[in-house]
Amino acid sequence: MRYSKEHKDETHKRIVRRASERFRADGIEAVGVASLMQSAGLTVGGFYAHFGSKEDLIAEACNDSLSTTTALFREFVESRPKGKRLEALVNAYLSKRHRDAPGTGCFAAANGAELARHTPETRAAFAAQVEAWTGLIGELIEADGLAGDARGVAGALVGTMILARAVGDPAMSDAFLESGRNTVLAGVSGKMK
């Protein structure tokens, strides 16, 4: 049975979305093609009608997830008062809610270390989206009249989230989130020169 192009496109998007969730929740290497396709309600045989390899899917899921995260944060901060937008982003990113929901959170915090071991093409897709995320942070620093390094802020956010998720002690995890928020905001406080 032949499906329409629209059906194939929707199926493709569904696979990418499900992969993005599973990769963030379980880790890239822990998610096999067969279990991924089953969790998307599809057969494993259909995978190669959409992707040349799992690596192609990883790059696409990374791209989709990080671009969605950046767009959602952009929308979120635009509703905040000027001068408080970066603070709103930092507080939302380094929140218990984000920490406790890796499957819907930032792909970089969930999979950054794993991506370092993947192909140059996958890492390039990741780097392009990290640049967009860092660009948003830079825009917020400038718009809020602050001085700071957007890459340093992005690195501190992702690193703090990784540690907050990795420690087993809830009090230590909460302390990482609080310390991370305080450190990032102290590092960008002050007026631009």
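Quick caveat, the model's predicted, so the values are computed rather than measured.
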Under the salt bridge (Lys or Arg N to Asp or Glu O under 4.0 Å) rule, what do Asp26 and Arg22 come out as? Steps first, then yes or no, please. CA-CA 6 Å; Asp26 303 329; Arg22 294 274 316 274; 3.0 Å; yes

Do you know which two heavy atoms are closest between [X] and [Y], and how far apart they sit?
{"X": "Ala59", "Y": "Ala125", "value": "O-CB, 4.1 Å"}
{"X": "Ser65", "Y": "Phe107", "value": "OG-CB, 3.5 Å"}
{"X": "Lys8", "Y": "His50", "value": "O-CE1, 3.4 Å"}
{"X": "Ala154", "Y": "Thr134", "value": "CB-OG1, 3.9 Å"}
{"X": "Thr69", "Y": "Gly105", "value": "OG1-O, 4.1 Å"}

In Å, rounded to the nearest 0.5 Å, how long is the span from [atom1] of [X] to [atom2] of [Y]?
{"X": "Glu60", "Y": "Arg17", "atom1": "CD", "atom2": "CZ", "value": "11.0 Å"}
{"X": "Arg85", "Y": "Asp144", "atom1": "CZ", "atom2": "CG", "value": "7.5 Å"}
{"X": "Thr160", "Y": "Arg165", "atom1": "OG1", "atom2": "CZ", "value": "12.0 Å"}
{"X": "Leu72", "Y": "Ser67", "atom1": "CG", "atom2": "OG", "value": "9.5 Å"}
{"X": "Ile58", "Y": "Asn111", "atom1": "CD1", "atom2": "CG", "value": "9.0 Å"}
{"X": "Phe176", "Y": "Leu94", "atom1": "CZ", "atom2": "CG", "value": "12.0 Å"}

If hydrophobic clusters are built by linking Ile, Leu, Val, Met, Phe, Trp and Tyr wherever their side-chain heavy atoms come under 4.5 Å apart, do [X] and [Y] end up in the same one?
{"X": "Met37", "Y": "Val31", "result": "yes"}
{"X": "Tyr93", "Y": "Leu66", "result": "no"}
{"X": "Leu140", "Y": "Met161", "result": "yes"}
{"X": "Phe73", "Y": "Leu177", "result": "yes"}
{"X": "Ile162", "Y": "Phe126", "result": "no"}

Counting heavy atoms not belonging to [X], are there more than 12 under 6.0 Å from its [atom1]?
{"X": "Glu75", "atom1": "CD", "answer": "no"}
{"X": "Arg14", "atom1": "CZ", "answer": "yes"}
{"X": "Gln38", "atom1": "CD", "answer": "no"}

Given salt bridge (Lys or Arg N to Asp or Glu O under 4.0 Å), test Lys13 with Asp9 step by step and report yes or no. CA-CA 6 Å; Lys13 288 177 188 174; Asp9 290 346; over 6 Å; no

Show the numbers, then the answer: is there a side-chain contact (heavy atoms from CB on, under 4.5 Å) between Phe51 and Val16? CA-CA 10 Å; Phe51 306 97; Val16 170; 3.7 Å; yes

Below 4.5 Å, heavy atoms only, C-beta onward: do Trp133 and Gln129 meet side chain to side chain? no

Leu89 and Leu136, any side-chain heavy atoms less than 4.5 Å apart: yes

Let me see the working for Leu36 and Leu57 under side-chain contact (heavy atoms from CB on, under 4.5 Å), right down to the final yes or no. CA-CA 11 Å; Leu36 170 67; Leu57 173 60; 3.3 Å; yes

For [X], side chain to side chain contact (heavy atoms under 4.5 Å, CB included) partners two or more places apart:
{"X": "Glu21", "result": "Arg18, Arg24"}
{"X": "Thr119", "result": "Glu55, Glu121, Thr122"}
{"X": "Ser173", "result": "Arg99, Ala164, Val167"}

Treating Thr183 as the side-chain partner and Ser179 as the backbone partner, does any N or O pair qualify as donor plus acceptor under 3.5 Å? yes

Worked check of side-chain contact (heavy atoms from CB on, under 4.5 Å) between Glu139 and Arg74: CA-CA 10 Å; Glu139 290 171 28; Arg74 182 177 296 283; 2.8 Å; yes

Go through Asn91 and Leu185 one step at a time and tell me if the side-chain contact (heavy atoms from CB on, under 4.5 Å) criterion holds. CA-CA 9 Å; Asn91 288 332; Leu185 294 173; 4.2 Å; yes

